[in-house]
Amino acid sequence: MTDITTALANKSVEEAIQYLLEQYPGAVAFSTSFGQEDQVISDIIWRNHLPVRVFTLDTGRLFQETYDVMDLTMARYKQPVEVYYPETAAVEKLLAAKGPNSFYESVENRKECCGIRKVVPLNRALEGVKVWITGLRAEQSDNRQGMETLEWDEHRHLYKYNPLIHWGYDEVLTYLEQHKVPYNKLHDKGFVSIGCAPCTRAIEPGEHPRAGRWWWEQSQKECGLHG
């Protein structure tokens with residue numbers, strides 16, 4: 001991994017992705033949730049005609065505004081986005097046993113729901129992938145502070161490329177404005193980190209960016225995708 005890290009060190013995001021595509025042709029994928037960071041990366045990929053496979057996870061509990069920005073994005077760039085859904089039988093079994101809101105009852109229940117709706121579909125989407133591009137930033141949570149631009153995901157046996165890990169929030173906003181990139185309108189209403197509708201609220205001034213996710217919990221504010 002040291003050689004790849006060194007090769008990426010002085011490259012722009014566009015140049016780094018191009019390098020990874022050359023090293024792993026047909027095996028580089030980007031997962032988007034249509035949040036602000038992901039919209040930056042999507043714009044870089046499509047603006048520069050980089051042959052990266054782009055996919056998203058539809059948990060079945062997303063905000064309408066997330067579908068709206070997905071629709072705007074696909075209309076703007078005229079590029080396909082693969083959509084992965086939870087396994088129907090697993091969702092039916094969960095709801096039959098625990099009802100639609102079991103995630104409010106305990107961290108264990110919430111992680112069970114995230115596992116079914118997000119982690120299992122993600123693992124399917126990443127089958128055969130050698131490089132997984134993400135929109136993670138170190139500022140987003142304490143758990144992400146120690147992450148590097150390129151990491152090895154031992155569980156999934158692939159490289160995880162986090163091109164915006166050291167970007168500040170203002171840099172993200174500046175990029176979106178300069179390039180007129182579509183964004184989720186919930187960001188204008190105090191939502192910084194946007195996930196499933198029942199598990200996301202707007203944050204107050206001065207609150208941590210992840211405070212609106214699973215706000216009833218005292219946890220690391222992660223769903224299992226990244227830790």
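Here, residue 1 is the first one in the sequence, and each next residue gets the next number.
- Q36 and Y175 share no side-chain donor-acceptor pair at under 3.5 Å.
- Under a 3.5 Å cut-off, the side chain of S42 and the backbone N or O of D38 do form a donor-acceptor pair.
- Here the two rings, on Y104 and W216, have centers that are under 6.0 Å apart.
- Criterion: ILVMFWY side-chain heavy atoms under 4.5 Å apart, direct or through other members. Under it, L62 and L122 are not part of a common hydrophobic cluster.
- Remark: the backbone N or O of T32 is paired with a side-chain donor or acceptor of T56 at under 3.5 angstrom.
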Audit row: E105, K98, salt bridge (Lys or Arg N to Asp or Glu O under 4.0 Å) steps and yes/no = CA-CA 10 Å; E105 297 172 3; K98 298 185 177 181; over 6 Å; no

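- Of the possible polar contacts, one joining the R117 side chain to the T59 backbone as a donor-acceptor pair under 3.5 Å is found.
- Linking Ile, Leu, Val, Met, Phe, Trp and Tyr residues whenever their side-chain heavy atoms come within less than 4.5 Å places V52 and V181 in a single cluster.
- When the side chains of ILVMFWY residues are joined at heavy-atom separations under 4.5 Å, either directly or via intervening members, Y183 and V13 end up in two distinct hydrophobic clusters.
- For W152 and Y159, the ring centers are positioned less than 6.0 Å apart.
- In this model, a donor atom of one side chain and an acceptor atom of the other lie less than 3.5 Å apart for Q64 and D68.
- Checking side-chain atoms of N162 against main-chain N and O of I165 turns up no donor-acceptor pair under 3.5 Å.
- Under the 4.5 Å side-chain contact rule for hydrophobic residues, M74 and F63 do not share a cluster.
- The salt bridge (Lys or Arg N to Asp or Glu O under 4.0 Å) check on R124 picks up nothing, with sequence neighbours excluded.
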Determine, stepwise, if the pair K185 / E65 fulfils salt bridge (Lys or Arg N to Asp or Glu O under 4.0 Å).
-> CA-CA 7 Å; K185 297 307 179 184; E65 288 86 348; over 6 Å; no

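- Looking at residues two or more places apart in sequence or on another chain, you find a side-chain contact (heavy atoms from CB on, under 4.5 Å) between E171 and W167.
- When the side chains of ILVMFWY residues are joined at heavy-atom separations under 4.5 Å, either directly or via intervening members, V129 and V120 end up in two distinct hydrophobic clusters.
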